[in-house]
Peer 1: 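Let me give you the structure first, and then I'll get to my questions.
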Number of protein chains: 2
Amino acid sequence: MVIDINLSTPLRVGRQEAPSIPQPSLARLPQYHHYLVDLAAKGITQTTCSVIGRDLGLIPVQVRKDLQHTGIIGRPKTGYSVAELIQAIETFLGWNNINEAFLVGAGNLGTALLGHERFSKFGLRIVAAFDRDPAKEGQWIHEKAVLPLEELADLAQRMSIHLGIITTPPEAAQAVADEMVKGGIQAIWNFAPVKLKVPEHIIVHNEDLYSTLATLSWKLARRFRVSLKEKEAV
Amino acid sequence: MVIDINLSTPLRVGRQEAPSIPQPSLARLPQYHHYLVDLAAKGITQTTCSVIGRDLGLIPVQVRKDLQHTGIIGRPKTGYSVAELIQAIETFLGWNNINEAFLVGAGNLGTALLGHERFSKFGLRIVAAFDRDPAKEGQWIHEKAVLPLEELADLAQRMSIHLGIITTPPEAAQAVADEMVKGGIQAIWNFAPVKLKVPEHIIVHNEDLYSTLATLSWKLARRFRVSLKEKEAV
DNA sequence: GTAGACTCGATCCATGGTTATCGATATAAA
DNA sequence: TTTATATCGATAACCATGGATCGAGTCTAC
Ligand SMILES: NC(=O)c1ccc[n+]([C@@H]2O[C@H](COP(=O)([O-])OP(=O)(O)OC[C@H]3O[C@@H](n4cnc5c(N)ncnc54)[C@H](O)[C@@H]3O)[C@@H](O)[C@H]2O)c1
Ligand SMILES: NC(=O)c1ccc[n+]([C@@H]2O[C@H](COP(=O)([O-])OP(=O)(O)OC[C@H]3O[C@@H](n4cnc5c(N)ncnc54)[C@H](O)[C@@H]3O)[C@@H](O)[C@H]2O)c1
C-alpha cells in the first residue's frame, strides 16, 4: 500500500501568516468590548486593567497585554479612556467596516441568526439566505429573502460578498462550501459539525456547539463520579 | 482609596480539580465522534490515526494522544475498532447518560436549540423552557412547554435538573443564572455575552459567538489590508 | 512643591499543549 | 516460517500562552 506522504505533515490551518496576536487574546477582545460598552452606557469614561480584570475574572497583566494588541496606549495611574478603548477594539477587529454575508440553510439555527439584528453592531450584515427547500424559496425570513442555492455563486460574485455562513445539516455542508468558494467567498463561518475541505486561502471557522456540550457533560459526569466515590468512601 | 487585594490574585475558574485531559483535546473529541459515526455508517469497522488525521486536518500523533484519553487501546498495524472508539468516546464524555436541561429565553436562539432533536444523541435533553414574556408563557415550542421564570428554581429542584441553558438578552442573564443556582443547577451553558458571577462550584461555559465573529472579521480585514498593500507595492 | 502610590509597558520565567522521535508489536507478504 | 513495514504507545523537545517582575511615569495628597 502506498501511503500519502502528506499524512504526517503538520498541516495547520493555512500557513498562519504571522498571527501577530494570540488566538486566545483575539477571542477575548469581544468580551472587553461588551464590558466597555456597558461601562460607557453607565457614563464611565475612564478605567484600568485592574478593574476590568476584576469584573471579567482575569488578572490585570493579561488584560493589559490583550489590549496592547489593539495599539491603545494608556496613562499610568489613570488607565485608559473607555471611548478610545472601544474605538481601538472596533478598529482592530474591523468592526467599523461592515462585512456583508450570505447564509445558507434557513432552518432552526439559520433563522435565529437571520433574526439577530445586533450582529450589525459587530460588523456583520447578513444580506440574504439560501435554501434548497422549495417551500422556503421566495419567502422572507426576518426581512431577508430566501433564494435558491443555485443563485449563490453568481450573486456572491456580483455583490462582492466575502463571508458565508453555513447552517445546513452536516451532509449538505461540503457542497454548500464548494458553491461558496465558486462564488469567490473568502471566509466561512461553519455551524455544521464537519471538517470542510476548501482551498488553502479560504478562512474557515467552525462553531462547534457539540464541543462545548462535550466539555459540559464531561465535567458534569466527572463531578457525579467524584461525589459517588466520596459517598462510597464514607 | 483602599484597593482590594484580590485584584491581582490569579483567580482561575474554580480550582480546576485536576483536568486530567487538556481542554483542547476534550473539544476535539466530538469531532472524532462525528467522523467515526460517519465511518461506521459507511460500513468501515477499522481505522488508524493517520487516516483520521488526514480527514480531519490533524497530525496522527495528536489524534492518538487525544484518543488515548478515552482509555481506548489500539493494535499496531491495524489501528482501532471504529465501534469501540465511538463507544469509548461516548462513555468518556458521559453521552450515554442523558442530561436533562432547562432553557431560559425562548427567543430566536432559544427556539433553535429547543428544535434541535439531535442533541438527544449527545446526552442532552431540554425538558422545558422558561421566559418572562407573558405572550410566550403557556405556549409550546417544539413540543416543549414554556413556563414562567418564577417556577424554575422549584421545578429544577424537584426534577433534579443539573444543567441550565441561558439564551436571554445579556441584561437578563445574571438574574437568570442566580435563579438557576437557587434551583440547584450545577452547570450553565451561557449564550449571552456576559461574564456570569456564580458560586465557585458551578460549571459555566460561555458560547460566545462574537468571539468567532471577531476572529473572522479580523482575519478578513487583515487580508484586505495585506492585499491593498500588495497593490500599492506594484 | 514634594513624597508617595498606583498603573502602564516591557522583559523574563513557568506551565502546558503540540510536535517529533524511538522502541515494541502485530500483521501481511515472501 | 521469516522478514518487512506500518502503527501504536511512551518519552522528550519545542513553542505558545499565561503569569510574574521591574522600571518609569503621572496623578494625588499632604
Ligand atoms: N439548531 C441547533 O440548535 C443546532 C445546534 C448545534 C448544531 N447545529 C447544526 O447547525 C446545522 C443546522 O441546524 P438546524 O437545527 O438549523 O437544522 P434544520 O434542519 O432546522 O435546518 C437546515 C436547513 O438547511 C436546509 N438545507 C438542507 N440541505 C441544504 C442544501 N443542500 N442547500 C441549502 N440548504 C439546505 C434545509 O432545507 C433546512 O432549512 C446542523 O448542521 C446542525 O448540526 C444546530
Ligand atoms: N440569535 C442569535 O443569532 C444570537 C447570536 C449571538 C448571540 N446571541 C445571544 O443570545 C441571546 C439570545 O438571543 P436571541 O436572538 O434569541 O434574543 P431574543 O430577543 O430573540 O430572545 C430573548 C428571549 O429572552 C426572553 N427574556 C428576556 N428577559 C428575560 C428574563 N429576565 N427571564 C426570562 N426570559 C427573558 C425574551 O422574552 C425573549 O423571548 C442574547 O444574549 C444574544 O446576545 C444570539
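Atoms considered below: every heavy atom in the structure, side chains included; atoms not considered: hydrogens, waters and symmetry mates. What you see is a predicted model; the values in this text were computed from it and never measured. Throughout, a chain's letter reflects where its sequence line sits, starting with A, and its residues are numbered from 1.
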Peer 1: Picking from C/dT27, C/dC8, D/dG9, which would you name as closest to the side chain of B/Thr78?
Peer 2: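 Within the option list, the nearest is C/dT27.
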Peer 1: Which part of the nucleic acid, if any, lies within reach of A/Arg75 when heavy atoms closer than 4.0 Å are counted: base, sugar-phosphate only, or nothing?
Peer 2: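 Result for A/Arg75 = sugar-phosphate.
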Peer 1: Whether the B/Asp178 and B/Gln174 side chains hold a donor-acceptor pair (N or O, under 3.5 Å, no angle test) is what I'd like checked.
Peer 2: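 Note: B/Asp178 and B/Gln174 side chains meet the donor-acceptor criterion.
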Peer 1: Do B/His34 and B/Phe122 make the cut of ring centroids closer than 6.0 angstrom?
Peer 2: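 Yes, the ring of B/His34 comes within the 6.0 Å limit of the ring of B/Phe122, centre to centre.
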Peer 1: In whole angstrom, what separates A/Arg64's CZ from C/dT11's P?
Peer 2: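 Atom-to-atom, A/Arg64 to C/dT11, this comes out as 15 Å.
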Peer 1: With ring centroids as reference points, do B/Phe224 and A/His162 lie under 6.0 angstrom apart?
Peer 2: yes
Peer 1: Could you tell me how far apart A/Lys77 (NZ) and D/dG23 (P) are, to the nearest whole angstrom?
Peer 2: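 Distance, rounded to whole Å: 19 Å.
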Peer 1: For the pair made of CD in A/Gln62 and P in C/dC12, what is the distance, rounded to whole Å?
Peer 2: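 The distance from CD of A/Gln62 to P of C/dC12 comes to 20 Å, rounded to the nearest Å.
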Peer 1: Got a sec? Which of residues 24-38 of chain A come in under 4.0 Å of DNA chain D, heavy atoms?
Peer 2: A/Pro24, A/Arg28
Peer 1: Taking the side chain of B/Val61 as heavy atoms from C-beta outward, which of D/dA20, C/dT21, D/dG25 is closest to it?
Peer 2: C/dT21
Peer 1: Among C/dT19, C/dT25, D/dA20, which is the nearest nucleotide to the side chain of B/Pro76?
Peer 2: C/dT25
Peer 1: Distance check needed: D/dA6 P versus B/Ile52 CD1, whole Å only.
Peer 2: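 The answer, rounded to whole Å, is 18 Å.
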